[in-house]
Amino acid sequence: MTRKQLITKGFIKDNPTFVLILGMCPTLATTTSAINGLSMGLATLFVLVLSNMAISAIAPVVPDKVHIPVYIVVIATFVTLLQLLMQAFTPGIYATLGLFIPLIVVNCIVLGRAEAFANKNGIIDSACDGLGVGLGFTLSLTVLGIVREILGSGSVFGWKFITGDGMLAFVMAPGAFLCLGYLMVLFNKIASKNKGA
Amino acid sequence: MSRLLVSPSPHIHAKESTASLMRDVVIALIPAVLVSVVFYGWKELLVLAVSVLSCLVLEYVITRYMMKKENNTLCDFSAAVTGILLALNLPYTTPWWVVFIGAAVAIGVGKMTFGGLGQNVFNPALVGRVFLLVSYPTYMTHWEAPQSLFGVDAVSGPTPLGIIKEGLLQGNTVPQLMADNGLNYGQMLFASVGGSAGEISAIALLIGFVYLLVKKVIRPHITLSIWATVAVVSLIFWLCAPDRFTDPLFNLLTGGMILGSCFMATDYVTSPMSVKGGIIFGIGIGFITMMIRYFGSYPEGMSFAILIMNATVPLLNMWFHQKKYGRA
């Protein structure tokens with residue numbers, strides 16, 4: 001797989017949310033609006049790229065028996081870094097996302113890429129892989145956030161185009177599941193079409 | 001029906017079809033529709049018309065252009081039944097576009113996503129209603145004095161269940177609330193308590209139910225087990241604390257109890273196939289409804305209870321499958 005393929009595979013073919021169905025908890029919980037989805041995606045992207053690079057660098061010297069605790073410590077370090085940075089520079093978004101920032105530590109996409117890719121590949125390749133998966137995750141969260149915001153609040157990125165309320169259900173949990181389901185159908189349809197061609 | 005049904009022998013040929021059964025359900029709903037139109041006037045008629053028309057149109061558009069099926073399912077009346085039931089579940093003041101959204105969710109999400117009639121897990125009309133209840137609480141719990149067609153003396157306010165829920169939160173007792181608001185059982189049985197169209201007249205709905213039983217369109221076990229569970233559960237609570245809990249008769253006559261237990265819980269597609277399964281299904285609905293009414297934050301829990309129990313139907317069908325003929 002070339003580096004370009006590593007970066008682009010996350011959009012459709014190996015989209016972590018809609019095709020691989022990983023990281024459902026932040027996906028469902030933080031996509032109440034487009035801006036929330038986008039920030040959550042970018043936060044995860046940041047951790048993914050850095051932890052992938054660090055893990056690919058230290059993987060040869062980590063004993064096999066303790067590799068998972070070591071990876072978690074590495075990931076947690078970057079999440080703490082991110083948390084402090086967000087608290088300092090984007091306090092508004094930090095307050096909205098709340099608990100879901102520290103929870104990136106246990107996001108299965110991050111540990112999954114460390115286990116499946118970073119510990120067997122070079123630093124640059126791992127960075128590309130992290131970037132690709134992270135961009136795919138950001139894309140899906142933003143799309144989900146946009147759809148839910150349009151239907152639920154009648155606005156896009158905070159710009160309101162209807163008066164009054166939208167369909168409140170889409171801002172709440174049931175709407176998250178509904179939108180996720182229909183977007184999965186759409187993405188899998190696109191993915192299967194690309195495969196056929 | 002185009003689907004091949006596989007069941008253990010013996011098989012008998014019957015002249016019933018989906019269309020004839022659904023037509024009977026429409027006929028059975030006529031008294032309730034008439035009562036609601038008489039009490040609530042042309043606005044109710046508008047809600048009914050929008051609901052039924054949008055269900056029919058959406059069903060046609062989705063089967064024809066999205067599922068690309070040639071044989072259309074419009075003639076089997078099932079979309080019309082969904083439309084009528086949805087309309088009976090809404091306040092007559094609901095704006096037409098909210099009704100349309102409800103119909104779109106009912107047919108699009110509740111029915112067609114699963115593959116159309118016979119494949120849906122949840123009752124489509126209730127999916128639409130609960131979606132609207134969560135999305136537009138202001139429209140869905142807004143009751144206005146009715147503008148009736150023939151000057152029938154109708155008084156409308158909040159639903160009896162809503163009055164009790166609010167009153168209890170403010171520290172009043174049940175008997176005091178019933179007396180203060182002039183709630184009596186005769187009124188609930190015949191008409192003229194506030195509520196959505198399908199809540200106002202228990203008698204009109206029961207006439208339809210009896211019609212369905214006589215025509216053998218449905219069997220009574222699900223409905224009866226819901227009623228029995230509601231009666232037993234509310235009797236226990238009411239005997240323990242009559243100030244805090246409403247009595248069995250009140251719970252059987254108010255809210256969506258009659259409409260839900262007679263017409264929604266007994267839907268063929270979303271109820272268990274065996275009698276035993278149906279009884280368990282009914283007990284579950286009755287119990288969950290009472291728990292929501294007594295302890296939940298919503299005043300009424302019938303639609304939630306039916307949807308929750310709909311989800312257990314595949315399991316109930318597995319546990320209580322039909323015995324093979326000739327085997328113990």
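Note: hydrogens, waters and symmetry copies are ignored here, and every other heavy atom, side chains too, is used. By convention in this document, chain letters (A, B, ...) are assigned in the order of the sequence lines, proteins followed by strands, and residues within each chain are numbered from 1.
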Note to self: Report which part of B:Leu133 has an atom under 4.5 Å of a heavy atom belonging to chain A: side chain, backbone, both, or neither.
What the structure shows: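 When you check distances to chain A, no heavy atom of B:Leu133 falls under 4.5 Å.
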Check: With only heavy atoms counted, which part of B:Val130 is less than 4.5 Å from chain A, the side chain, the backbone, both or neither?
Finding: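 When you check distances to chain A, no heavy atom of B:Val130 falls under 4.5 Å.
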Note to self: Are B:Val134 and A:Leu168 packed together at the side-chain level, in the sense that at least one heavy-atom pair is separated by less than 4.5 angstrom?
What the structure shows: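 With C-beta onward as the side chain, the pair stays apart.
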Surrounding [atom1] of [X] (heavy atoms of other residues, nucleotides or ligands, distance under 6.0 Å), is the total greater than 12?
X	atom1	result
A:Tyr182	OH	yes
A:Phe11	CZ	yes
B:Met273	CE	no
A:Trp159	CH2	no

Item checked: Contact summary for B:Phe131 and A:Ala169, nearest pair of heavy atoms ->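 In terms of heavy atoms, the two residues are closest at CE1-CB, 3.7 Å.
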